[in-house]
Every structure is written in C-alpha cells, then in structure tokens.
Number of protein chains: 2
Amino acid sequence: MVEYINGKKIDENKPITIREVSEAAQVSMATVSRVINGNPNVKPATRKKVLKVIEELDYRPNAVARGLASKKTTTVGVIIPDITNVYFSSLALGIDDIATMYKYNIILANSESDEQKEIQVLNTLLAKQVDGIIFMGNTITEEMRRQIKRAKIPFVIAGSVDSLEEIESVHIDYVAASEEAVRDLVNHGNERIAFVSGSLTEPINGEYRLQGYKNVLAENNIEFDPELVFETGYNYHSGEIMWPALSAMGVTAVYAGDDELAAGILNSAQDAGIKVPEDFEIVTSNNSKLTKIVRPKMSSITEPLYDIGAVAMRYLTKMMNKEEVETENKTIILPYGYIKRSTTK
Amino acid sequence: MVEYINGKKIDENKPITIREVSEAAQVSMATVSRVINGNPNVKPATRKKVLKVIEELDYRPNAVARGLASKKTTTVGVIIPDITNVYFSSLALGIDDIATMYKYNIILANSESDEQKEIQVLNTLLAKQVDGIIFMGNTITEEMRRQIKRAKIPFVIAGSVDSLEEIESVHIDYVAASEEAVRDLVNHGNERIAFVSGSLTEPINGEYRLQGYKNVLAENNIEFDPELVFETGYNYHSGEIMWPALSAMGVTAVYAGDDELAAGILNSAQDAGIKVPEDFEIVTSNNSKLTKIVRPKMSSITEPLYDIGAVAMRYLTKMMNKEEVETENKTIILPYGYIKRSTTK
DNA sequence: TTGAAAGCGCTAACAC
DNA sequence: GTGTTAGCGCTTTCAA
C-alpha cells in the first residue's frame, strides 16, 4: 500500500525517517529535530504543523541514530550477579523505576558473580555506549577497578561497598546494623553466638559484618571465638545442613548474613527438635518476604533495598548530567532498621 | 598525553575509531571492518597486522554506529511484569543465558503488569531498534496484539499463552498439569477442592487451569461448585488471610496457582490448628524454593522455568536470523512435572 | 525562527 | 583481497 501526504509518497514497508517528516511538513530536518527534542526555538504554528505530520505518519525517532549523532544513548548498564536472588532483584526494581522516571533504559547484564564475566560484561556495555553503569556485586576486584577508571564513565555501586572508597556507592552502615542485631542476641543472655555468612573475602562479610559482631562481643566482655564464624554459601541448602555443626559448638544463637541461609538454619534446628526462640535464637540480614513466611517469623535487620537501588540510579543520573554531587565523599549511606519478630526472645 | 603509532598522532582523550585503526595499520576502513567481523576475505598477514594495531590502540568497535549502519543492534527487549517475582526472574535467567550465548544483550523493561506501561515500554524498545522482543506477562491485550503485528519484529511470549495462538509462545500444557495436580487431590478422597489463583481474566487461570480442574472433577463425578473457585492476588498475604473463607466452604484441599499464595494458605491453615496433610491438603504450581522452605514442604507442579526462558530466547534467535522454524504451529510446549512432598497424603 | 550541511562511526555494495 | 564510497537517521553548529 502506498500513501500520499502533502504530495510525498510514503512506503508503508520501511520505517519513516525524520526526512520524510520534514518533507511532508515542508520544513527542514533541523526543525523536526527541534520539535522532537522540545527545543523552544520553534514557532508554535510550525511546531503544531510538524506534530501533526508526525502523528499522521506515525513517526518514531530512531534511538540508535540519535545515539550516534548525540553521543548519548539514554541507556545505562546494570551488572547483576543473580537476577533470581531477591536481594539483587529488589535493588534492580528501584534502579529500573528511577531509570524509567528519568527516561533511561536499562541493559541488564548477568555477571554470575564471576570476575571474568564481570569484566567481559563491562566491556560489552561500554561497546554499546551506555551513558553510565550501576554495579551490583559482592566484591570489586582490582582488575574491575582498573577497567572502571579507564572507562571514564559514570559508575555507581549499589548495595555493596568499595572498601577503598574510590568508587561512588550507596549502601547501609553494615557495621552498625550488625552491631544492633548481635546486641539483641547478647541482651538475651546468649554468649555462644555464631556468625554465619557467605565468603569472608567479600568486604561486607569479612570486614563490616564481622567487625560489628566482634565489636558487640568486646563491649560485653565475651571472648571472640573464631570457631563460631561460619563461612558458607548464600542459600537455603547451606543452612539446612548446618545445624549439627552449630550444635556441636554449643551455639545458642546465630546472626546470619542472608535470609535463605537463615531459613535453612532455622528449619534444620527445628527439625532437630530445638525450640525457637526458647533454646535457639536467630536474626537475619535482609528482611525479605522469607522472614515472614517461615515459622517462627524471623527477626531481621532491614535494608531499604528498593531505595538503595533508586538512590544509586538517581546518583548516576546526576553524574551523567554532570550535576554537582553534593556529598563530601563518594559514599551514600542509607538508614537501616531492625525488626524484632519471633526467632528472638 | 599524546602517542604516535605509525606516524599517526593518537589523542588519548577521545575514543579510537575504525578510522584511526585503519590509518595506523595502513589499510582501508573496510578491511578493518572485515577483520572485526571475522570476514574470511582478508589475507592472514593483513589480519594479523590489523589485529596488532587494534590491540595496541585498545580499539573497541562502537556498537551504536554499527547498529545504525547494519540495522541490527544485537540487543533484544525483554518485557517483565515484576522482576522480584521468582517466576519471572527464573524465566529471565534462562533468557539471559541464551542471549549471552548468541551474543545478544538484553534491555530489561518493567511493565508492572500494567497494560498502559506494556504498550509504552514496547514502543521505547522499538525506538531503540531491538532486534526482537520477549514478552512475559499474564495477558496479552488486544491493543498489545495490534502493536506487535504492526511492529513486524520477532516476538515471543515466554511462560504464558496467547489464547488466540497467533503469536509465538513457549510454555507448558497448563490444562494437563492442573489435571495431574487436582487428580492427586481427588485420589486422596477429597471432594471439596478449591481452586485458588490470580485473576481469572488471565487465560492461564480462567481458561487453562480452571479447565483442568473442571475436567478432573467431571471425570470423577464431582459436581463443579463455582463457589470453590477463589480469585485473589499472587502473593503471600492474599493466602495468609484466606483460611477462614476456605474453611467456611468446607474445603479439604486446595489447588493453588502460585507458590507464595499457597504458602500463605498453608500457614494460615496451620496457624488455625489444622493438621496438614491429615486434615487439609494443598498443591501448588511453580515449585519455587519456597515449596521446600515452608513446613510441611509443598507438593507442586513443576515448570521448567529456566528452560522456558531459554527456549523462548532460542526461538527468538531463529526468528531473528530468519531460520526455518520447524514447528507446525507457533506454540512450543515444554514438559511439566509433578512432585509430591508433604502437603498431600 | 529556520535551514544547510557536516558529521557521528560503522557497514555494505561495488569496483579494482 | 582490498579500497572507495555511499549512506544508516539523527543532531548540531553556523548562517541567514
């Protein structure tokens, strides 16, 4: 089918370009470009005429061409270790919402927590000319740090820390949050408190949470016992098989770094006939839905996951617009909370 | 800093383009393009020389420019209703893995299950010139169908059905799966079996699951009672408040369309002092981790979520390459399973 | 307020 | 095998 508009022939099969619009509207491409981009320097009458043609022709600007010409793609890269993990997907939701609000699209790239893949994924994002990158992950490796610096592109870490504080990031105060959780346990008279988390090579565990845990023990004159620190995986199964080891060490309470992990420990203790919270207490870290689904419901630190993602994205938009970023340092700390449920006395 | 390679001055600050490479290597841009794209029509010596310069200059092709010139972006759009829902994120993981395998990137777009947003998101994906789209969602509205047709772009529905079977999709046989679940319940002597799911306007519930449910009742001469069909939300809370209503109808078993929902029902029944599975049985639909975390562990239909995503993406790659798609119709049915745990006798 | 024209960095004929 | 040369569809000076 062929259509004529203002005497110009329009071929239905190939997408109309700014040129067709300009011809049909009898203005220059520059003018069409101006109205598309909301440039005020267009006479209202002209704008109206162009808009009408755009409507009639059902013209949609080609974002790729626009990206090439303007050197901005209005898309940001998001590196995520595991999209099926609620911790990360909650962050991602916050990121996406704010991105949408600021008219950015998101290229989601799975890193599988693999250092090789992280680098590789970073490179393909750069090749796609993203305007900025949000990184979620557990550790920021040296190689990654090097690549980021070299890329000279706005970059924000969400829900994790850069222990060198070189790269902008948003997260909570993990040390203080851990302290609060462990303090609750200590206050109930527990002395054999285990810290169970993922890899201690991740700063969040090995540096911050562990530090908070130690701090509270110290302030209560409880001797730190390295054997009460359990390094395992961030998943239900790891917790599920853990009770015997915990029990053998005479543990009466656990501070867990992950909800699934905590749920596994909780269930395995109860399956062994232990009464919770009477004989065993546990607090966890992420306050995901899971904390309310298991029985008893779990006490937990609360992290504003959605907000962390949202703030990280907002921070990134500021960097991309080269707005003044008002923080003295590169880190944004969001408030954490602690919610007491039924796995603690 | 300024560097010279083969007498050409290289400005560190702006990215290297194919032109710089071609000049430094003393070949044409076309030749550089050929080696980048693995075109065999390049003399090995030349290829080597070019590769060396690419390495030295640390050149990375600009995917945006490439996209504009070739009219292919090697990115696909993925429309997802809720990234924090494991059902969808599991599909997304499968999609992403296969996409990566075929060198595609993914633009993830949240639709919030909102019809308006779905359309809007589709349009921005089209503007970004994605090579194809994978759609996850509960219903495919008429407006959406129209837009898809108009877009003339490879499009696959993952984990949901197009009841008109006009659009390519991959999913399981929901009717047969429901039948198997309900049959297990009937076989244990239950006659007051409720079907609890999300909105019945979604074909998966209102047409397929409900049909399977009815089929089994009929084949066992149990009269269908519309009051045993409960339409609610896909979330834990909806289930949590549901026991009184179920109990009032004399329900002894439930077939639930969602795991969180099922977990809520299970917990609320047990909190009311009901013994499971002795006095109440329940089967659910997605076999997420949750089924193993609650107590008792839930019996469930199993859907190969990851595979559905993966197959959908694979299907899409074939369409994008205009390969022959061998299916007689547009639907790919993957096998489902049923796993018996402890919420059924 | 508008238009002309030069790119953005790459690919894809086509020629040699 | 390799180079030349048009574009791809848009933005962005610069002039008018």
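Order of the sequence lines fixes the chain letters, A, B, ..., with proteins taken first and strands second; residue numbering starts at 1 for each chain.
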(Q) Within the 4.0 Å heavy-atom criterion, would you say A/Val64 contacts the bases, only the backbone, or no part of the nucleic acid? (A)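 The answer is nothing, as A/Val64 stays clear of every strand by at least 4.0 Å.
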
Is the distance from OP1 or OP2 of [N] to the nearest side-chain N or O of [X] less than 4.0 Å?
| X | N | result |
| --- | --- | --- |
| A/Lys71 | C/dG7 | no |
| A/Asn62 | D/dC8 | no |
| B/Ser28 | D/dG3 | yes |
| A/Arg66 | D/dG9 | no |
| A/Ser33 | D/dT11 | yes |
| B/Thr31 | D/dG1 | no |

Measure from the side chain of [X], starting at C-beta and using heavy atoms only, and say which of [options] lies closest.
| X | options | answer |
| --- | --- | --- |
| A/Val42 | D/dG9, D/dG3, C/dT2 | C/dT2 |
| A/Asn41 | C/dC10, D/dT4, C/dT2 | C/dT2 |
| B/Thr46 | C/dT11, C/dG7, D/dT2 | D/dT2 |
| B/Met29 | C/dG3, C/dC10, D/dC10 | C/dC10 |
| B/Ala30 | D/dC10, C/dG9, C/dA12 | C/dA12 |
| B/Ser70 | D/dG9, D/dT2, C/dA12 | C/dA12 |

To the nearest Å, give me how far apart [atom1] ([X]) and [atom2] ([N]) are.
| X | N | atom1 | atom2 | value |
| --- | --- | --- | --- | --- |
| A/Gln129 | D/dT11 | CD | P | 17 Å |
| A/Leu57 | D/dG9 | CG | P | 14 Å |
| A/Lys72 | D/dC10 | NZ | P | 17 Å |
| A/Ile16 | D/dC10 | CD1 | P | 9 Å |
| B/Arg19 | C/dT11 | CZ | P | 14 Å |
| A/Lys14 | D/dG7 | NZ | P | 12 Å |
| B/Arg60 | C/dC10 | CZ | P | 13 Å |
| A/Leu68 | D/dT12 | CG | C1' | 13 Å |

Q | salt_bridge(B/Arg146, B/Glu143) N-O dist < 4.0 Å | A |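 Here B/Arg146 pairs with B/Glu143 in a salt bridge, since their nearest N and O are under 4.0 Å apart.
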
Q. Are A/Glu142 and A/Arg145 within salt-bridge range, i.e. N to O under 4.0 Å?
A.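 Salt bridge present between A/Glu142 and A/Arg145.
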
Q. Which atom pair, heavy atoms only, marks the closest approach of B/Val130 to B/Thr73?
A. CA-OG1, 3.7 Å

Inspect the surroundings of [atom1] in [X] and state if more than 12 heavy atoms from other residues, nucleotides or ligands are less than 6.0 Å away.
| X | atom1 | value |
| --- | --- | --- |
| B/Gln116 | CD | no |
| B/Glu165 | CD | no |
| A/Arg19 | CZ | no |
| A/Glu115 | CD | no |

Q | First of B/Ala65 and B/Lys43 reached from the 5' end of DNA chain D, by closest nucleotide | A |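 Taking each residue's closest nucleotide, the earlier one in sequence belongs to B/Lys43.
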
Q) Which residue, A/Asn37 or B/Ala69, contacts DNA chain D at a nucleotide closer to its 5' end, judged by nearest heavy atom? A)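 In this pair, the answer is B/Ala69.
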
**Q.** Side-chain H-bond candidate by donor/acceptor type, A/Thr74 with B/Lys128, under 3.5 Å
**A.**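 Present: a donor and an acceptor within the cut-off.
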
Q: For A/Arg314 and A/Thr317, test the side chains for any donor-to-acceptor distance below 3.5 angstrom and give the result as yes or no.
A: yes

(Q) Between the base of C/dG3 and the side chain of A/Arg34, is one N or O donor paired with an acceptor at under 3.5 angstrom? (A) yes

Q | Terminal axis angle for the helix from C/dT1-D/dA16 to C/dC16-D/dG1, five pairs an end, nearest 10 degrees | A |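 Between the first-five-pair axis and the last-five-pair axis there is 30°.
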
